[in-house]
Amino acid sequence: MSRPVRVRFAPSPTGHLHVGSARTALFNWLFARHEGGAFVLRIEDTDLARSTVESERAVLDDLAWLGLAWDEGPDVGGAYGPYRQSERLEIYREHAERLLAEGKTFRCYCTDEELEEKRRLALTDGRIPQYDGACRGLSAAAEAALSSEGRRPTVRAHRPTRDVAVDDLVRGRVEFAREMLGDFIILRSDGRPTYNFAVVVDDALMEISHVVRAEEHLPNTMRQLLLYEALGLEPPSFAHVSLIVDKDRSKLSKRRGASSVAEFREQGFLSEALLNYLALLGWSHPDAKEIMSRDELVRAFDLARVSSSPAAFDEDKLAWINAHHIREEPIGRVAELARPYFEAEGVCEPDGERFEAIVDLVREGLERLSEIPYAAGFFFTDDPEVEDDARPWLESETGEAVLKGLLSTLEAEEGVLDQASVKRALKAVGEELGARGKDLYMPVRAALTGRIHGPSLALVAALLGRDRVLARLSRAAARR
RNA sequence: GGCGCCAUCGUCUAGCGGUUAGGACGCCGGCCUCUCAAGCCGGUAACACGGGUUCGAUUCCCGUUGGCGCUACCA
């Protein structure tokens with residue numbers, strides 16, 4: 001039963017990567033890395049109508065952004081390719097052919113309309129709408145006749161003859177009664193495989209050892225187990241991970257709030273933060289550790305600690321985790337990631353040592369990188385806008401005195417303006433005027449930044465530099 | 001309707017028969033402080049319900065209720 005660990009993530013390329021899918025991918029990846037196994041990426045694009053190459057690109061990009069590197073896949077190849085189901089049609093056909101020859105499947109010539117009518121009838125009679133086996137055991141002559149009518153057959157696998165059970169790694173033993181399933185289609189009338197058939201053939205041929213996927217696939221497992229048996233192949237282990245739901249317990253929708261990896265990226269969430277948060281949705285560290293790097297996650301991950309109940313996506317907590325990572329990542333990287341937000345705002349010089357220092361100063365208060373142009377805005381303008389709540393500090397009498405006092409003190413002082421010299425000047429002015437605390441600092445803060453909140457004032461002033469500080473002080477002092 | 005999965009603070013969770021039911025986010029208060037944030041300290045708040053099993057159930061079993069999923073020639 002023990003074979004090399006090989007897991008796969010098999011998205012349908014029908015849009016951007018959803019956070020739910022991202023978590024499934026993450027669990028697969030963590031499991032593979034933890035076990036030293038292979039992480040395979042397979043594209044399930046048999047649904048021609050919905051699959052697009054742009055979507056495939058988008059999904060690959062999202063995955064790469066998250067840092068979930070795959071060992072085999074459509075773009076990197078591998079020994080078990082091809083990795084796009086649309087390129088494996090011949091493989092499915094061969095296997096279906098074999099099953100047909102072995103009598104394990106049969107051709108069904110029923111049309112959509114006929115099936116639909118039977119379904120409708122069953123429903124009104126209060127019966128379970130299930131395929132009635134009309135084409136089971138058709139003679140060659142009968143098939144020929146149906147075929148000559150121009151009917152294109154599907155291929156169906158026989159209904160189960162007994163109950164089926166799976167020992168799920170996160171759910172334990174789950175049993176499926178034989179009655180719940182009729183003869184099911186494995187090949188459509190146009191020759192394309194259905195999901196359940198393609199998955200089994202692929203997972204088997206790609207020697208997937210563990211199928212870690214969303215809970216919605218649990219009922220499919222019965223069909224798949226049946227197909228493994230029919231094909232004479234050993235099934236993998238299964239682990240069905242619960243769904244991620246909305247605050248109101250419904251399926252996470254695109255409607256309210258962000259739900260795709262791309263959206264979170266645009267809002268300025270670091271990939272390690274999103275990854276970190278997603279890992280905590282349904283899994284927990286044995287020591288309750290919450291802020292973790294990719295490496296720490298890999299080290300600690302264990303399928304046995306994966307929860308079986310659905311989890312609600314909480315953007316507040318994601319933001320909290322993001323704030324941590326923004327503060328703790330190397331400043332060079334954070335500055336790099338922050339740059340596009342400045343560029344989008346058309347702010348000048350998002351580069352260089354000063355830029356990095358500014359990002360370093362303001363990142364303390366950030367939950368999302370997208371907030372950074374505002375947080376650092378006053379550094380990049382000669383005349384920062386004075387916000388309403390800052391105005392009173394500039395208009396008061398003591399405020400004016402402080403500004404003028406500081407201005408002359410600073411003007412009298414030679415050399416560079418650094419943190420220490422600013423503090424020294426502030427102290428001197430305060431003593432002279434008998435002002436301290438807010439009365440001393442707030443007018444200066446308002447004059448330099450236009451706001452009443454922000455990083456430590458001495459640091460702000462030092463970063464602004466002597467010229468800007470003097471200019472802003474004199475302009476503010478003259479305002480009144 | 002049938003089948004399945006799930007059920008601890010508002011949310012994410014720990015717990016795997018005996019705990020003052022723990023942690024985290026959020027919220028509230030305090031400390032720190034020029035402000036905000038961070039940090040630190042404290043507070044708020046939960047075992048859905050009913051039966052069993054057991055000396056003892058949050059924990060095991062059954063049922064009820066509720067949520068979700070599947071029930072396609074979608075994945």
Side-chain angles (χ1 to χ4, degrees), chain A residues 10-12 14 44-47 49-51 85 108 110-112 115-116 119 123 126-130 152-156 168 170-172 174-177 179-182 184-196 198-199 213-222 240 242-243 245 247-251 277 280-291 305 307-321 323-324 327 362-367 375 389-390 393 426 430 436-446 449 451-458:
Chain A
S12 313
T14 56
E44 310 220 322
D45 57 352
T46 55
D47 184 358
R50 296 197 295 157
S51 303
Q85 291 190 327
C108 171
C110 296
T111 63
D112 254 345
L115 260 15
E116 188 48 50
R119 200 172 358 248
L123 249 18
R127 302 193 326 271
I128 307 168
Q130 218 173 52
R152 311 282 308 152
T154 59
V155 175
R156 286 182 186 267
D168 192 274
V170 342
R171 263 146 236 284
V174 179
E175 294 178 353
F176 306 98
E179 300 80 34
M180 71 179 268
L181 193 61
F184 58 100
I185 295 176
I186 64 165
L187 231 46
R188 300 173 169 101
S189 51
D190 64 3
R192 285 155 48 227
T194 55
Y195 166 75
N196 285 293
V199 161
R213 62 175 20 160
E215 183 195 342
E216 52 186 322
H217 291 295
L218 189 52
N220 284 325
T221 310
M222 183 183 200
H240 287 93
S242 62
L243 263 22
V245 296
K247 304 159 203 4
D248 55 3
R249 299 271 116 192
S250 54
K251 209 170 173 180
Y277 176 67
L280 256 21
L281 232 42
W283 173 82
S284 60
H285 185 105
D287 300 331
K289 201 161 195 283
E290 298 215 286
I291 303 296
R305 290 190 65 85
S307 160
S308 53
S309 48
F313 197 89
D314 179 5
E315 231 184 279
D316 281 341
K317 184 138 186 182
L318 205 213
W320 174 77
I321 289 177
H324 267 272
R327 263 179 270 129
V362 301
R363 67 166 158 171
E364 285 285 308
L366 300 180
E367 286 196 325
D389 48 10
W393 292 105
L426 238 15
R436 31 191 274 265
K438 290 187 182 183
D439 288 337
L440 175 62
Y441 277 81
M442 292 312 255
V444 180
R445 177 175 292 286
T449 70
R451 303 174 191 172
I452 56 170
H453 301 311
S456 173
L457 196 52

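Naming: A, B, ... by sequence-line order, numbering from 1 per chain.
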Note to self: Treating A/Y277 as the side-chain partner and A/D314 as the backbone partner, does any N or O pair qualify as donor plus acceptor under 3.5 Å?
What the structure shows: yes
Check: Quick one: which of B/C6, B/C73, B/C3 gets closest to the side chain of A/R119?
Finding: B/C73
Notebook entry, point to check: Base, sugar-phosphate, or nothing for A/L243, non-hydrogen atoms under 4.0 angstrom?
Noted result: sugar-phosphate
Checklist line | Counterpart base for B/C70, defined by Watson-Crick or G-U wobble contacts under 3.5 Å | finding: B/G2
Item checked: B/U8 versus B/C3 - spacing of their P atoms, nearest Å -> 24 Å
Margin query: Quick check for you: among B/U13, B/A37, B/A75, whose closest atom lies nearest to any side-chain atom of A/E364?
Written below: B/A37
Item checked: Whole angstrom value for the distance that separates P of B/A37 from CZ of A/R451 -> 15 Å
Note to self: So, under a plain 3.5 Å distance rule, would you say the side chain of A/R171 forms a donor-acceptor pair with the base of B/C5?
What the structure shows: no
Next item on the list: Whole angstrom is fine here: how far is it from NE2 in A/H217 over to P in B/C68?
Entry: 19 Å
Check: Base, sugar-phosphate, or nothing for A/R327, non-hydrogen atoms under 4.0 angstrom?
Finding: sugar-phosphate
Item checked: Watson-Crick or G-U wobble mate for B/A46, both contacts under 3.5 Å -> none
Notebook entry, point to check: B/A24 C1' sits how many Å from A/L318 CG, rounded?
Noted result: 14 Å
Note to self: Rounding to an integer number of Å, can you tell me how far A/I452 CD1 sits from B/A37 P?
What the structure shows: 11 Å
Next item on the list: Specify the separation, in whole Å, of atom CG of A/D287 and atom P of B/A24.
Entry: 14 Å
Checklist line | Watson-Crick or G-U counterpart of B/C60, or none if no pair lies under 3.5 Å | finding: B/G52
Notebook entry, point to check: So which nucleotide from B/G2, B/U35, B/C25 ends up closest to the side chain of A/S456?
Noted result: B/U35
Checklist line | Residue met sooner reading RNA chain B from 5', once A/F313 and A/Y195 are mapped to nucleotides | finding: A/F313
Check: Touch check for A/H324, heavy atoms < 4.0 angstrom, all strands: base, sugar-phosphate only, or nothing?
Finding: sugar-phosphate
Checklist line | Base-pairing assignment for B/U11 (Watson-Crick or G-U wobble, both under 3.5 Å) | finding: B/A24
Checklist line | G-U wobble or Watson-Crick pairing nucleotide for B/C31 (cut-off 3.5 Å, both distances) | finding: B/G39
Checklist line | Any A/S284 side-chain nitrogen or oxygen under 4.0 Å from OP1 or OP2 of B/A14 | finding: yes
Check: Under the 3.5 Å rule, do the base of B/C73 and the side chain of A/T194 count as making a donor-acceptor pair?
Finding: no
Check: Can you find a side chain N or O atom of A/H240 that sits less than 4.0 Å from OP1 or OP2 on B/C70?
Finding: no
Check: Start at the 5' end of RNA chain B and walk down; is the nucleotide closest to A/W320 or to A/A10 reached first?
Finding: A/W320
Next item on the list: Look at the side chain of A/R213 and the backbone N and O of A/L218, then say whether any donor-acceptor pair between them is shorter than 3.5 Å.
Entry: no
Notebook entry, point to check: Quantified in whole Å, what is the C1' atom distance between nucleotide B/G10 and nucleotide B/C27?
Noted result: 10 Å
Checklist line | Residue A/E215, side-chain atoms from C-beta onward, closest of B/C5, B/C6, B/A24 | finding: B/C5
Item checked: A/D316 side chain, from C-beta outward: closest of B/C34, B/G26, B/C12 -> B/G26
Check: Contact class for A/A177 (heavy atom, under 4.0 Å): base, sugar-phosphate, or nothing?
Finding: nothing
Next item on the list: Answer with base, sugar-phosphate or nothing: what part of the nucleic acid does A/D112 contact at a heavy-atom distance below 4.0 Å?
Entry: base
Notebook entry, point to check: Contact class for A/N196 vs. all strands (heavy atom < 4.0 Å): base, sugar-phosphate, or nothing?
Noted result: nothing
Check: To the nearest angstrom, how far is A/L115 atom CG from B/U71 atom P?
Finding: 15 Å
Next item on the list: With heavy atoms under 4.0 Å as the rule, sort A/S308 into base, sugar-phosphate or nothing.
Entry: sugar-phosphate
Notebook entry, point to check: Hey, is A/Y441 doing a stacking thing with B/C34, by the 5.5 Å centroid and 30° angle criteria?
Noted result: yes
Next item on the list: Could you measure between the two C1' atoms, the one in B/U54 and the one in B/G67, and give it in whole Å?
Entry: 31 Å
Check: Considering only B/C3, B/A75, B/C12, which nucleotide approaches the side chain of A/M180 most closely?
Finding: B/C3
Checklist line | Phosphate OP1/OP2 of B/A75: any A/T46 side-chain N/O under 4.0 Å | finding: yes
Notebook entry, point to check: How is A/E175 classified with respect to the nucleic acid when contacts are heavy atoms under 4.0 Å: base, sugar-phosphate, or nothing?
Noted result: sugar-phosphate
Notebook entry, point to check: Which nucleotide in the set B/G69, B/G2, B/A75 lies at the smallest distance from any side-chain heavy atom of A/N220?
Noted result: B/A75
Notebook entry, point to check: Looking at CG of A/D45 and OG1 of A/T14, how far apart are the two atoms once the value is rounded to the nearest 0.5 Å?
Noted result: 11.0 Å
Margin query: What's A/E44 touching, base or sugar-phosphate or nothing? Going by heavy atoms closer than 4.0 Å.
Written below: sugar-phosphate
Item checked: Interatomic distance at C1', B/C70 relative to B/A14, whole Å -> 31 Å
Checklist line | Contact under 4.0 Å: A/R305 side-chain N or O vs B/G15 OP1/OP2 | finding: yes
Next item on the list: Can you figure out which of B/U13, B/G23, B/C70 approaches the side chain of A/E216 most closely?
Entry: B/C70
Check: Would you say the side-chain atoms of A/R305 and A/S284 include a donor-acceptor pair closer than 3.5 Å?
Finding: yes
Note to self: Quick check for you: among B/C34, B/C5, B/U13, whose closest atom lies nearest to any side-chain atom of A/M442?
What the structure shows: B/C34
Check: Quick one: A/H285 NE2 to B/A24 P, roughly how many Å, whole number?
Finding: 15 Å
Next item on the list: In plain terms, say whether A/D190 and A/R192 are close enough for a salt bridge, that is, a side-chain N and a carboxylate O under 4.0 Å apart.
Entry: yes
Checklist line | Shortest side-chain distance from A/L457, nucleotide among B/C34, B/G2, B/A75 | finding: B/C34
Margin query: Taking only the C1' atom of each, what is the distance from B/C9 to B/G22 in whole angstrom?
Written below: 12 Å
